[in-house]
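Each remark here refers to the structure printed beneath this line.
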Amino acid sequence: MRFAISFLVKCLFSRLLLVFLLLTLPIGAATSQAAGEKKAAQPPMNFILVRSLLCQENCPEWISAEGRITSDTPARLRKILKKIGGRKLPVVFRSEGGDVDAAYAMGRMIRKAGLETAVGGTRLKGCPVGDMRCEAAIAKDGPSGGYTYSAGAYCFSACPLALAGGVSRVSSQWAFIGVHQITTVYNKVRVSYRIEYKIVNGKKKEISRKEVGRKVAGQSSSTKLGKKATAALTAYLKEMGVSEDVIGLMMSATPDNINIVPAMEALRTGLITDMLSYNEWPGMPLCAPDAVAEAVCHSHPVVEAPVQDAAAETSEKLAKTQPMDFLLMSNGNCREECTQWISADGDITPDTPARLKAMLTTLGERKLPIVLQSNGGDMDAAITMGRMIRSAGLETSIGRTQLPNCPKLDQRCKASIAKSGPTEGEVFAGRAYCLSSCTLVLMSGTPRIVGYSAIGIVRPTTTEYTRFSAYFDEMGVNAEAYETMMPATSTERGSIIVPSQALKLGIVNGIIPYDEEPGSHVCGPEAKESLRCPRKAEAEIVPVASVN
């Protein structure tokens, strides 16, 4: 690099010569992620020790790490690691990124301590939505009470490098991991020196030099990875067991943009080692090989069991809810042009198609979207439901419907269901699920769209396969591609697939943007033509590339 150098020399007609030397030099050339440094939307990262409020005994604890990574973040991390001693607590990250060298240091500290990492946000007990880690809720001694969430959480820029330090590193399909180019920032500083010379035999000889001042003289930056920076990044990724392909992902996005890494790509490259399922949350430790079923941890060991027919196995192995019912819903957070949808929640039983038919008869010709949340159930009933939905030309999606004034464990409480007309409520894609034979219902929609919800798949028995294959052809879904994704039984962890996979397989044909919710694409009969209430559902469907 060429540095501008200027000299100001004042000569004294004596045997001593005093000179002020002004040099423009790069001081503290720092490697950092530009987006994290430019926006500085987050305050510097801090660490809070948190205990889960979602259990009653043997509750897990974690280190909540949120904020921008700065040069002094490793020192803060070192302080909390010293505080917890030798305890192996997961580090849950929510960060826009920041200083790369600091991220390297953090990752190495985490790996040396043998800790797990996860992408997630933390909300402390009693804090408002706008300040979920409020100062008032932070305990002076010991852990603070709280819980974590995946939906909308993010780990961007330099954060994935710190995340990579985990011996186990997890995320969910509702959280975001993003990378972009590394920007090296060079700070130019004009330094003034007082130099004393002595004239010896007519020649100047320096006898002392003292710095007398500094002044900022500008800044320059570059996104080109030099040999030294490339070697450092490559060595770090190799040290953490992450593929060098991550460098290509980083270089594909400018510092002002972010490349969201799809979940399967994050798994392939080693940025994460596992995906959390719909009923798991960041901060859960990895289950031990001998963990009991009741243990509060993620990735429970698969219990070997005889293979039964898919419908029976789904009913027995997955959490029980109740037989599926259908509610006509209306958005409770609006005054006019309110969206309406059919909430279909519960297990699919042989009499579920009759309940659906009754609902469709009540609606007449109105085409409202059906929002599903189900563990699955009877396969023949699911196929019948799918054909009814396709014939009616209805939209399908996945979402959890929440009624007002209902407790957290009973979000469709009877007390809040309207006796006549639509019931007011809200619908959310986050933490919603459509598992096993529910996917057969989902794939019947025209369109069929999904947000950041869990989609489960199941293999049919030999006797069911002919009907199963014919139904796929009828719905325009590639049965061959679908079969390659199916596990041997519905209890295997591989049964959960991400939205991008579902799109490729044709189970869905659109992705709901992260800032929207299911059920909002087709409106009630009184709604007017407007941007808020689009008439054309296809206008709201975006390609998967725009969100992954």
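Numbering starts at 1 and runs along the sequence shown.
- If you check the side chains of Thr70 and Asp72, you find a donor sitting under 3.5 Å from an acceptor.
- The two atoms that bring Asn509 and Leu503 nearest to each other are C-CD1, 3.5 Å, heavy atoms only.
- A donor-acceptor pair shorter than 3.5 Å cannot be found between the side chains of Thr254 and His180.
- Side chain of Arg448 to main chain of Gly445: a donor-acceptor pair is present (N/O by atom type, distance under 3.5 Å, no hydrogens or angles).
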Go through the steps for Arg412 and Ser343 under the test side-chain hydrogen bond (donor to acceptor under 3.5 Å, both in side chains), then give the verdict. CA-CA 10 Å; Arg412 289 163 64 91; Ser343 172; 2.4 Å; yes
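- Residues in residues 109-129 take part in no salt bridge (charged side-chain N to carboxylate O under 4.0 Å, His left out) pair, two or more places apart or across chains.
- Interatomic distance, Arg51 CZ to Leu124 CG, rounded to the nearest 0.5 Å: 13.5 Å.
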So Gln373 and Cys434, side-chain contact (heavy atoms from CB on, under 4.5 Å) or not? Walk me through it. CA-CA 5 Å; Gln373 176 159 273; Cys434 179; over 6 Å; no
Evaluate the criterion side-chain contact (heavy atoms from CB on, under 4.5 Å) for residue pair Ile110 and Leu77; output intermediate values, then yes/no. CA-CA 9 Å; Ile110 290 169; Leu77 175 60; 4.1 Å; yes
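- The backbone N or O of Pro282 lies less than 3.5 Å from a partner atom in the side chain of Thr148, making a donor-acceptor pair.
- Met250 has its side chain out of reach of Asn259: every pair of non-hydrogen atoms, C-beta onward, lies at least 4.5 Å apart.
- Partners of Arg87 according to the side chain to side chain donor-acceptor pair (under 3.5 Å) rule, which considers only residues two or more places apart in sequence or in another chain, are Glu61.
- To the nearest 0.5 Å, atoms CG (Leu163) and CG (Leu161) are separated by 9.0 Å.
- The ring-ring contact (aromatic ring centres under 6.0 Å, His included) test applied to Tyr149 returns no partner, not counting sequence neighbours.
- Using a 4.5 Å heavy-atom threshold, the side chains of Trp281 and Leu276 count as separate.
- Contact check for Met106 versus Tyr104: no side-chain heavy atoms found under the 4.5 Å cut-off.
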Using side-chain contact (heavy atoms from CB on, under 4.5 Å), reason through Val50 and Tyr147 one step at a time and then give a plain yes or no. CA-CA 8 Å; Val50 189; Tyr147 60 87; over 6 Å; no
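- At distances below 3.5 Å, not a single donor-acceptor pair connects side-chain atoms of Arg68 with backbone N or O atoms of Gly97.
- Between Leu435 and Gly456 the shortest heavy-atom distance is CD2-N, 3.6 Å.
- The minimum heavy-atom distance linking Cys159 with Ile69 is given by the pair CA-CD1, 3.9 Å.
- Closest heavy-atom contact between Gly165 and Tyr236: N-OH, 4.2 Å.
- Considering only heavy atoms from C-beta on, Val427 stays 4.5 Å or farther from Gln402 through its side chain.
- Between Asp345 and Arg400 there is no salt bridge, since none of the side-chain N atoms of the basic residue sits less than 4.0 Å from a carboxylate O of the acidic one.
- Side-chain N/O atoms of Asp245 and Thr269 include no donor and acceptor closer than 3.5 Å.
- What you find for Gly178 and Pro160 is that their closest heavy atoms are O-CG, 3.5 Å.
- For the pair Ile84/Ile63, a side-chain contact is recorded, criterion being any heavy-atom separation below 4.5 Å from C-beta on.
- Taking SG of Cys438 as the reference point, atom CD1 of Ile398 lies at 6.5 Å (rounded to 0.5 Å).
- Heavy-atom neighbours of Arg76 CZ from other residues, nucleotides or ligands within 6.0 Å: above the threshold of 12.
- Residue pairs meeting the disulfide bond (SG atoms under 2.5 Å apart) criterion with at least one partner in residues 86-116, sequence neighbours excluded, do not occur; the list is empty.
- Here the CD1 atom belonging to Ile455 is positioned 13.5 Å from the OG atom belonging to Ser436, to the nearest 0.5 angstrom.
- Under the 4.5 Å side-chain criterion, counting only non-hydrogen atoms from C-beta, Lys82 is not in contact with Lys79.
- In this structure, Cys155 SG and Ile177 CD1 are separated by 6.5 Å, a value rounded to the nearest 0.5 Å.
- In this structure the side chain of Met109 reaches within 4.5 angstrom of the side chain of Pro74, judged on heavy atoms.
- Side-chain contact annotation: Arg133 with Thr122, donor-acceptor N/O pair under 3.5 Å absent.
- Interatomic distance, Leu442 CG to Ser397 OG, rounded to the nearest 0.5 Å: 8.0 Å.
- Pairing each heavy atom of Gln340 with each of Pro422, the nearest pair is NE2-CG, 4.1 Å.
- No donor-acceptor distance shorter than 3.5 angstrom exists from the side chain of Glu395 to the backbone of Leu368, with no hydrogens or angles considered.
- Not a single donor-acceptor pair under 3.5 Å links the side chain of Thr73 to the backbone N or O of Met45.
- Evaluation of the disulfide bond (SG atoms under 2.5 Å apart) test over residues 114-149, restricted to residues two or more places apart or in two chains, returns Cys127-Cys134.
- Considering only residues two or more places apart in sequence or on other chains, Tyr154 meets the ring-ring contact (aromatic ring centres under 6.0 Å, His included) condition with Phe156.
- Considering only heavy atoms from C-beta on, Lys88 comes within 4.5 Å of Leu115 through its side chain.
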Run the side-chain contact (heavy atoms from CB on, under 4.5 Å) test on His298 and Ser168 for me, step by step, so that the C-alpha distance in whole Å, both residues' side-chain angles and the decisive distance to 0.1 Å come before the verdict. CA-CA 11 Å; His298 72 86; Ser168 164; 4.3 Å; yes
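- Asp99 and Ser71 are not linked by any side-chain donor-acceptor pair at a separation below 3.5 angstrom, with hydrogens and angles left out of the test.
- In this structure a side-chain-to-backbone donor-acceptor pair under 3.5 Å is present from Ser95 to Gly67.
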